[in-house]
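Scroll down for the structure; my scribbles are underneath it.
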Amino acid sequence: MKITKESLNNIVLILAIITVISAFLGYVFQLGLGIPEAFYSIYGFFGGDGDIEDIQSSILLKITAFTAPLSVAMLIIFFFFQELNKWWFLTFRAQSHCIICGLGHMGMALAEDVLEKDDYTKLVIIESDESNPNIESMRLRGAIVLHGDATNAKIAKKVKAKSAKSIITLTGSDICNLEIAITLANMQANEPKLYIHLEHRENEALLQSPLFQKLNIKGFNTYDHAAQTLFMRLPLGGNVDTMGEDTVRVAIIGADSVGMSVLYRVLNLGHFYNGKPIEVTIYDEEIESKKEHFLKTYPIEFDCAYWKIVFYEESLFYAQKELAYDQIIFCKRNTQQSFADAMRLVRNKASLLGNKEVFVFADRHEMIASLVDAGKEGVFKNLFTFGEFKKICAHDVIVNEALDGMAIQTNARYNDLHGYNDKNLSPTQQWKELDPFLKDSNRMQVEHLFVKLKVINKYLEEAIPQGDFETIKQEAMQRWFVYGGTMLWDDIKGAKTLATHIPLDVLENLARTEKMRWNAFHILNGWQKLDIPNDAKEKVKKDKDKKLHPCLVPWERLDDVSKNHNHDFKSDDIETVMRTLEMAQSIAGTDGLLSGEIRRFEGLMKSYQA
């Protein structure tokens, strides 16, 4: 049996209770002392000053004479155990351990998950706030907790950072987290895997600095994890007829870090089969400052072919008589207020809810989230939670990159298909070589799969044969490979099934939707259209430094770019659609986070392959 500091603490407590009870019974019932005198005499035992004559005359006091000094001795051992254990480990055994910098709510959720695993020799935590109530809890569970500044090189050396297996920074400040990385770079701590939490997405570009070149470093954002898992489990617009004429309308309540991450995902993924731009309304108590911050981050048009965005004061949301939104997402910093407001909404607007979905960011309140998600009857029918810290701050999500697994495998498969992996790198190594922009591009491509699947599954269920595969490929060549490009459908898993059961017009419209998504992603990341002169004789290539791209045009105008490049760019978007099965198969290990559409698709594809 593993003896922890928590179990030692319990033993000391039990011994103390036995001491008090046996002494009390001995003095009161065997020696006839009054209650006040009995309690006064009990104190003497803990100080080693029990009366010898009293002890000799009572069997209960003999027990007390043994348990009292034993409990005191163990208490002393208990207090020294922590420092002794810390000194011994850091002096002689510190290797392959996990270091967490910051023990706030996120750090606590990660630490609890790490302690449940056998991936490390020890968990070491650095916390700057000595009064943090989580410190003692972690110490009792066997973690080593040091009070100090994680950006200080002396602290980093003390915790043997260079010998660690993983280092995760969750201090709550991008600047502090980056300074920790700088400290480790200056120490040449190149072996550990370093995970830097960056609340502001644009700061991830700083990780490309030459200073970090030798570090095994990765940026992450738990709020992005929250938005990511939300729309993987409950797809954007999943409750709207996006194959018909309906428009998806979304309300986001709260425009702090979570709300901004959700909004970024909504604008990236909100591109549907019917081509209707998504309508997004953001509500916040400090709406003007939040709107200004959004425009600093994403200097985009609010009303365009890709989306329609408006910002309003939060009070206006609750004053509405109608409920003109399909999905309502509560992302307020005050989670208790979010739950209360959501519950008021489903109570007061019950007649208006219909099939509308109401989402609430749960952060550390996993138990409340379990109440909401336990059943879908009554007031809970339309209510869902997302972003529980135990899920989005889990070791598998941050360190094992479970949520990026789809994008990692899909990127590698694309490189294999097109012969772009000359170095024979593993999927993870190929992923590591991508810059933050390309990583995010891959993420959005695979996450949009959950939107496309509604259409694909409908046609697979109808099971109407579209003809011979070879004949269909010839027609596809005439549609989408006019200006060049290589058809790889024979090498793509599942492509034959899709081609022979989904009309080419439908596949083209899905590809058109993918082009809208691609354009939107680039616009959100600061790219602009690069015009091709009418008399251009050379290829007009993208300018990565200036963020100019000739392909940033609607589907209908891709032919002009294709002529200039001798490559039909429409074939690329069609290929993305045809790779649906390969993308779906890359989602292994994230079953608990997936929507019903993905399982439905996998089942349909298996039935065709049987």
Side-chain angles (χ1 to χ4, degrees), residues 271 273 406-407 409-422 427 430 438 441-442 444-446 448-449 451-453 455-457 459-460 463-519 539-542 549-586 601 604-605 608-609:
H271 309 284
Y273 184 79
M406 299 180 295
Q409 295 300 326
T410 299
N411 174 67
R413 177 57 181 147
Y414 176 85
N415 290 340
D416 289 342
L417 266 176
H418 293 270
Y420 296 154
N421 187 19
D422 295 337
Q430 294 175 58
L438 288 176
S441 177
N442 277 277
M444 295 307 165
Q445 184 185 70
V446 296
H448 196 255
L449 172 68
V451 174
K452 297 186 183 84
L453 281 177
V455 180
I456 293 171
N457 286 342
Y459 283 94
L460 289 179
I464 300 175
Q466 299 298 311
D468 174 68
F469 185 44
E470 294 301 321
T471 303
I472 292 171
K473 284 196 297 180
Q474 289 302 316
E475 186 176 344
M477 289 290 295
Q478 295 171 13
R479 282 191 180 212
W480 307 309
F481 295 83
V482 176
Y483 303 103
T486 304
M487 175 178 273
L488 300 170
W489 291 14
D490 288 323
D491 300 320
I492 298 173
K493 294 179 182 178
K496 181 177 180 179
T497 300
L498 296 183
T500 54
H501 291 87
I502 300 177
L504 290 182
D505 286 344
V506 174
L507 292 175
E508 177 163 324
N509 211 32
L510 285 168
R512 188 191 306 266
T513 305
E514 169 61 19
K515 182 68 175 73
M516 290 283 287
R517 182 211 64 76
W518 186 92
N519 285 0
K539 289 182 182 179
V540 177
K541 298 180 180 180
K542 67 180 179 182
H549 207 304
C551 289
L552 203 49
V553 295
W555 171 269
E556 292 77 14
R557 292 181 55 191
L558 269 180
D559 287 351
D560 295 335
V561 188
S562 299
K563 291 175 186 176
N564 177 258
H565 283 250
N566 294 321
H567 174 82
D568 203 319
F569 287 102
K570 288 182 178 179
S571 68
D572 298 333
D573 295 315
I574 287 291
E575 182 180 292
T576 298
V577 176
M578 303 310 287
R579 291 173 57 215
T580 296
L581 179 61
E582 293 185 348
M583 291 186 190
Q585 289 178 336
S586 71
F601 171 71
L604 288 166
M605 293 301 287
Y608 283 114
Q609 294 168 2

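Note that the structure is predicted; figures quoted are calculated from it, not measured.
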Test of understanding: with side chain to side chain contact (heavy atoms under 4.5 Å, CB included), list the residues that count as partners of [X], not counting sequence neighbours.
X	result
Ala476	Trp480, Met487, Trp489
Val451	Phe272, His448
Asn564	Ile532, Ala536, Lys539, Val540

How long is the straight-line distance from [atom2] of [Y] back to [atom1] of [X], given to the nearest 0.5 Å?
X	Y	atom1	atom2	result
Tyr608	Lys496	OH	NZ	13.5 Å
Thr580	Leu460	OG1	CG	9.0 Å
Ile456	Leu510	CD1	CG	5.5 Å
Asn411	Asn442	CG	CG	4.5 Å
Thr471	Gln466	OG1	CD	12.5 Å
Met578	Asp491	CE	CG	12.5 Å

Taking Asn509 for its side chain and Tyr273 for its backbone only, find out whether a donor-acceptor pair lies under 3.5 Å.
->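 Yes: the side chain of Asn509 pairs with the backbone of Tyr273.
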Mind jotting down which residue pairs meet the salt bridge (Lys or Arg N to Asp or Glu O under 4.0 Å) criterion with at least one end in residues 571-581? Sequence neighbours excluded, please.
->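 For residues 571-581: Arg579-Glu582.
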How would you list, by chain and number, every residue that makes a side-chain hydrogen bond (donor to acceptor under 3.5 Å, both in side chains) with [X], sequence neighbours excluded?
X	answer
Thr500	none
Asn415	Gln430
Asp568	none
Lys493	none

Search all heavy atoms of [X] against all heavy atoms of [Y] and return the closest pair with its distance.
X	Y	value
Val561	Cys551	CG1-SG, 3.8 Å
Val577	Leu498	O-CD1, 3.6 Å
Ser571	Gly484	OG-O, 4.5 Å
Ala511	Ile574	CB-CD1, 3.4 Å
Lys515	Leu552	NZ-CA, 4.5 Å

Is the closest side-chain heavy-atom distance between Gln585 and Gln409 below 4.5 Å?
->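 The answer is no, as the side chains (C-beta and beyond) never meet within the 4.5 Å cut-off.
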Would a 4.5 Å heavy-atom cut-off, applied to side chains only, mark Arg517 and Gln445 as touching?
->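 Yes, side chains in contact.
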Which residues satisfy the salt bridge (charged side-chain N to carboxylate O under 4.0 Å, His left out) test with [X], sequence neighbours excluded?
X	answer
Lys473	Glu470, Asp490
Glu508	Arg479, Arg512
Lys570	Asp559

Only pairs at least two apart or in different chains count here, so list each ring pair (Phe, Tyr, Trp, His ring centres under 6.0 Å) that has a residue in residues 557-576.
->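 The answer is His565-Phe569, His567-Phe569.
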